[in-house]
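Only one structure is covered here, and it is reproduced in the block below.
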Amino acid sequence: MIKNKFTMTLQSRSFNESFVRAAVAAFVLQLDPTLEEISDIKTAVSEAVTNCIVHAYKEKLGNIYITAEIYDDNLLKLKIRDKGCGIENISKAMEPLFTTVGGERAGLGFAVMQSFMDTIKVRSAVGKGTTVYLTKKISQRFNVNG
Amino acid sequence: MSVEINVTGEVVTAYLSGELDHHTAKEMRQAIDAAIELNMPTLVILDFKGITFMDSSGIGLVMGRYRLLQKTGADLHITETPPNIYKVFRLSGIEKLAKLESR
């Protein structure tokens, strides 16, 4: 059962990379995560949002749609969606070190998301946009206040 | 985000601080590259002690400096890496290119 949810829409400005990961991290605090879990989530969110800015909209302005949901058993579900160019070959895009833009992008965005979250699912349609679904179960720690 | 450069002999040390992402990487890169170009060091040390957050943009930054230094034959070290940053570096296998030290 869903226990809490927030959604936000932002423009694809690079300044918003830090804003989104800070907002998601603040929302996740209610699950009493460890510092490592917070850091993992922030890093994964940063990768997903950067992908929207660098790849989906290619430095042009568009909207990024974020949804964060908390379910029973400390399960966090994140959805990061854009209406950008879409991905032609998702499995190729997810290969470590593969990048289409060159420059100084490492091509490790999806690898980081895969490694730092429990599950990742990518849906994309060329010309329509991409949605990245991420989940992570936050460890339940003993709470002296019950 | 800030970069402080220290030059001792042929060693350039860049003390990085703040959050390293796609938004801030460009400015850090420009500051580091300017110091490399000016001093032509034999060793470049990137000190991550003050970095509070890093995503794969940081790996891109290190890979880019590695490529630049390959042209001059200089070494690249990454030092004082906090645990959360070290985890991102380990995922990338960057230690094959640069000496990686945790804090």
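In what follows, chains are A, B, ... by sequence order, proteins preceding strands, each numbered from 1.
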### Interchain contact, Thr43(A) with chain B, by part (heavy-atom threshold 4.5 Å)
both
### Task
Measure from the side-chain N and O atoms of Ser124(A) to the backbone N and O of Gly129(A), and report whether any donor-acceptor pair falls under 3.5 Å.
yes
### Task
Answer yes or no: is there a donor N or O on one side and an acceptor on the other, between the side chain of Thr34(A) and the main chain of Glu37(A), under 3.5 Å?
yes
### Query
chain A heavy atoms under 4.5 Å from Val62(B): which part of the residue, side chain, backbone, both or neither?
neither
### Message
With a 4.5 angstrom heavy-atom cut-off, is it the side chain or the backbone of Leu35(A) that approaches chain B, or both, or neither?
### Response
neither
### Query
Within the side chain of Thr99(A), is there an N or O that forms a donor-acceptor pair under 3.5 Å with the backbone of Gly107(A)?
no
### Phe116(A) six-ring face occupied by Lys87(B) cation (under 6.0 Å, within 45°)
yes
#### Entry: Which atoms of Asn16(A) approach chain B - backbone, side chain, both or neither, heavy atom under 4.5 Å
neither
#### Entry: Main-chain N/O of Thr130(A) paired to Asp82(A) side chain as donor or acceptor, under 3.5 Å
yes
### Heavy-atom proximity to chain B below 4.5 Å, by part of Val54(A)
side chain
#### Entry: Choice from Val88(B), Asp55(B), Ile59(B) maximising heavy atom contacts with chain A below 4.5 Å
Asp55(B)
### Message
Is Arg13(A) close to chain B through its backbone or its side chain, or both, or neither, when contacts mean heavy atoms under 4.5 Å?
### Response
neither
#### Entry: Side-chain donor/acceptor of Glu17(A) to backbone N/O of His23(B), under 3.5 Å
yes
### Task
Return the option, out of Arg65(B), Met54(B), Lys26(B), with the maximum number of heavy-atom pairs under 4.5 Å with chain A.
Arg65(B)
